[in-house]
There are 2 protein chains.
Amino acid sequence: MSKRHISLKDLANELKVSISTVSRALKNHPDISPELTLKIQKLAADWNYTPNPLAMGLLRQQTKMIGVIVPDIVTHFYASIISGIEEVAKQHGYYIVIASSNESLQKEIESVENLLKSRVEGFIVCLSQETNKYDHFEKLNSNEIPLVFFDRICESLDVPSVVVDGVEATKKITRHFYENGCKRIAYISGPEHLNISKNRKVGYLEGLKECGLKFDPQFLVTCNLSTKDATRATRQLLTNKILPDAIFGLNDTIAFAAMKEIKNQGLKIPDDIALVGFTDEFHSTVVEPSLTSVTHPTFKMGQEAANLFFKCIRNGKGFSEKIELKADLIIRESTLK
Amino acid sequence: MSKRHISLKDLANELKVSISTVSRALKNHPDISPELTLKIQKLAADWNYTPNPLAMGLLRQQTKMIGVIVPDIVTHFYASIISGIEEVAKQHGYYIVIASSNESLQKEIESVENLLKSRVEGFIVCLSQETNKYDHFEKLNSNEIPLVFFDRICESLDVPSVVVDGVEATKKITRHFYENGCKRIAYISGPEHLNISKNRKVGYLEGLKECGLKFDPQFLVTCNLSTKDATRATRQLLTNKILPDAIFGLNDTIAFAAMKEIKNQGLKIPDDIALVGFTDEFHSTVVEPSLTSVTHPTFKMGQEAANLFFKCIRNGKGFSEKIELKADLIIRESTLK
DNA sequence: AAGGATTCCGCAAAGGTTTGCGTTGACAAT
DNA sequence: ATTGTCAACGCAAACCTTTGCGGAATCCTT
């Protein structure tokens, strides 16, 4: 097995100088004579020397790795956010290590443990839907390990975060429904401890009030974020004595499940029931009817989260900037009666 | 800034023993007395000691990192493969560092360079669509750095790879079309230097022959893999003097673009034109009509690729196992006349 | 010519871990 | 009393890099 990488020592041996001299020459240290500097730099270039990041990491006590924990990785939503994180990380010379919680609290806790063992310098996290206790994150916080939340955040922990304005977005949705003649607007929400569920509910209620509609509890159902349970939730709505004439789901998984179920029941979209999704996956445009949806600036969310992370590293403890991004409502066929 | 991680030295200092004793005690070395071993292990557990991977890496000259280069990361296809790779990598105590070539040869080359600088131990790669020269990979090969290709491979390089049987799959498609009464079967292909384009074309031609249909060059068009160019290619097919009555695309991006364009032209699927996709993204089921598609065992592809990688590490140079996975044709509405 | 200043480079430690080998002390055997 | 054996532990090198400090050689000054 030939030597894969060459070190300062190799250069030093070849040139019969000390390792420190080589190290200094490569950074143009004035202590080294111009001629020697040139000679060393030439050899380094010829031999394609690159510093060993492990040695540097050991010296500086940093791994240049960020742990990223997401509920899943195959969804466009998270994949796109990860891209955003990755872009900013790369600019700072950092790598990201991705772990998927699979929407499981247990796996989330394990991921934190494992990433900690790998000496990641900090975390960028989107909570799993099960997560309702936060000990594993509080531990990080008290150990002053940088932590940034995005999308699904823990409100009881004072850490930096980036979210979209769910209140505003759902208000828009509700008003949009109303302006299209809908009066019986239903909302399929997610687990109630999740900030996104709560915020969107607030916006929903406020939206109803603004439109002069009164809230009917039977139009508010919850589900976990699986397609199966979303289908069940939709069916629950459709077996009400009074049918809703508009439905929006917490995310697009729910919206698509709802769409299928509505069609299955022989109802027409948008004529019988208008439908709105959330997070605007690619499917939204290709489905029929195309789905009105709230676009999430996913890539930007990732970028901002990473930016917060690096601010966090620079500013040290106590830094807890919160960013709230605006989401746009993209109107398509599923709401145009 | 409190000390984040504790080291063997910390334990040694506390217990007034040497570092080497601590190290040995933690691995139950017989040289260390049982009592002392116990005491050391207890303190290590209490203080939550974990070995510093950087130090280990420096010692063993390994980073436990695999460089994964994909054309893009936000597609379900690649995301799912990455999941598969990640799962196997984790089992082996390895991490993956993901780089996206964005379908650009230039970025692919840069990614190889950068990952090499970070001392990844090897690569798992899916070629960018532009990639028609392979110097950057040959260099790896001659330096005995493990390299595995998946899906889009370089046939002139004798390295391990995992692909799906595109010939067989496209033969199935062609026959399926024929059995549903289609006679004018068109194929929207990708860049011609890509193995997947070539293989699928072979299957297409063989399939035609088996069905007793003769190949008409105007039914074979190519595009790069963008939605835009796929739309253009579709339009090209639809402006033929003779319209095709069946179309299949190299992948689902193309298929969806084709679907939109066909609808735009006021044609009906499958009645006027039957349509088949490739790689079976989630959209296939939600679109209308639902899309007949060739399912790719993406997760398994990732797993197999990672397995090959580790075999490669164990077996050293000259290892070049090739794996060919079978793909199933899932029949949905878009082909049922 | 002797002193100080300057130029140029090497030594060694630090970061954490593993491991071959050396060292120490106790005890048994001769 | 001397040698040998063995258990139990420490030293130091190696992996690679950075950097404060010390040292040697050269030059200039008086």
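Predicted model only: the values in this text are computed from it and were never measured. We name chains A, B, ... by the order of the sequence lines, and we start the count at 1 in each one.
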With a cut-off of 3.5 Å and sequence neighbours excluded, list every side-chain donor-acceptor pair involving residues 48-58 of chain B.
residue : atom : partner  : partner atom : Å
B/Thr50 : OG1  : A/Arg119 : NH1          : 2.8
B/Asn52 : OD1  : B/Leu54  : N            : 2.7
B/Asn52 : OD1  : B/Ala55  : N            : 3.4

Distance-only donor-acceptor pairs under 3.5 Å for side chains of residues 300-309 of chain A, two or more places apart:
residue  : atom : partner  : partner atom : Å
A/Gln303 : NE2  : A/Glu87  : OE1          : 2.9
A/Asn307 : ND2  : A/Gln303 : O            : 3.4

Contacts table for residues 134-141 of chain A: side-chain donor-acceptor under 3.5 angstrom, sequence neighbours left out:
residue  : atom : partner  : partner atom : Å
A/His136 : NE2  : A/Glu108 : OE2          : 2.9
A/Lys139 : NZ   : A/Glu113 : OE2          : 3.0

- [ ] Tell me whether the OP1 or OP2 atom of C/dA14 has a side-chain N or O from A/Gln61 closer than 4.0 Å.
- [x] no
TODO: Quick one: which residue pairs count as a salt bridge (charged side-chain N to carboxylate O under 4.0 Å, His left out) with a foot in residues 97-106 of chain A, not counting sequence neighbours?
DONE: A/Glu103-A/Arg152
TODO: Check the distance between D/dT17's P and A/Ile6's CD1 and give it to me in whole angstrom.
DONE: 8 Å
- [ ] Just call it for A/Ser23: base, sugar-phosphate, or nothing, with non-hydrogen atoms closer than 4.0 Å on any strand.
- [x] base
Task: Nearest-nucleotide 5' precedence on DNA chain D, B/Pro30 against B/Arg60 - done: B/Pro30
Open item on the list: Just to be sure I understand the rule, does B/Ile32 reach a base, reach only the sugar-phosphate, or reach nothing, if contact means heavy atoms closer than 4.0 Å?
Closed with: sugar-phosphate
Distances for protein N or O near nucleotides 10-13 of chain C N or O, under 3.5 Å:
residue : atom : partner : partner atom : Å
C/dG10  : OP1  : A/Ser18 : N            : 3.2
C/dG10  : OP2  : A/Ser18 : N            : 3.0
C/dG10  : OP2  : A/Ser18 : OG           : 2.9
C/dG10  : OP2  : A/Thr21 : OG1          : 2.1
C/dG10  : O6   : A/Arg24 : NH1          : 3.1
C/dG10  : O6   : A/Arg24 : NH2          : 3.3
C/dC11  : N4   : A/Ser20 : OG           : 3.0

Open item on the list: Using 30° and 60° as the class boundaries, would you call the ring planes of A/His92 and A/Phe310 parallel, tilted or perpendicular?
Closed with: parallel
Task: Atom-to-atom span, CG of A/Leu59 to C1' of C/dT17 - whole angstrom - done: 16 Å
TODO: State whether a side-chain donor-acceptor pair under 3.5 Å links B/Glu121 with B/Tyr94.
DONE: yes
Open item on the list: Expressed as a whole number of angstroms, how long is the span from B/Gln62:CD to C/dT17:P?
Closed with: 16 Å
Open item on the list: If I take atom CG in residue B/Leu8 and atom P in nucleotide C/dG15, what distance separates them, rounded to the nearest angstrom?
Closed with: 13 Å
Open item on the list: Using whole Å, what does the distance between atom C1' of nucleotide D/dC16 and atom CG of B/Asn52 come to?
Closed with: 14 Å
TODO: Output yes when at least one side-chain N/O atom of A/Tyr49 is less than 4.0 Å from OP1 or OP2 of D/dT17, else no.
DONE: yes
Please table the atom pairs, donor to acceptor, closer than 3.5 Å between any side-chain atom in residues 30-37 of chain B and protein atoms at least two apart or in another chain.
residue : atom : partner : partner atom : Å
B/Ser33 : OG   : B/Leu36 : N            : 3.4
B/Thr37 : OG1  : B/Ser33 : O            : 2.9

TODO: Quickly work out the B/His29 NE2 to D/dA7 P distance and round it to whole Å.
DONE: 12 Å
- [ ] Could you check how far CG of A/Asn13 sits from C1' of D/dA14, rounded to whole Å?
- [x] 14 Å
Task: Minimum-distance nucleotide (side-chain atoms of B/Ser33 versus D/dC9, D/dT18, D/dC16) - done: D/dC9
Task: Separation of atom CG in A/Leu58 from atom C1' in C/dG15, rounded to whole Å - done: 4 Å
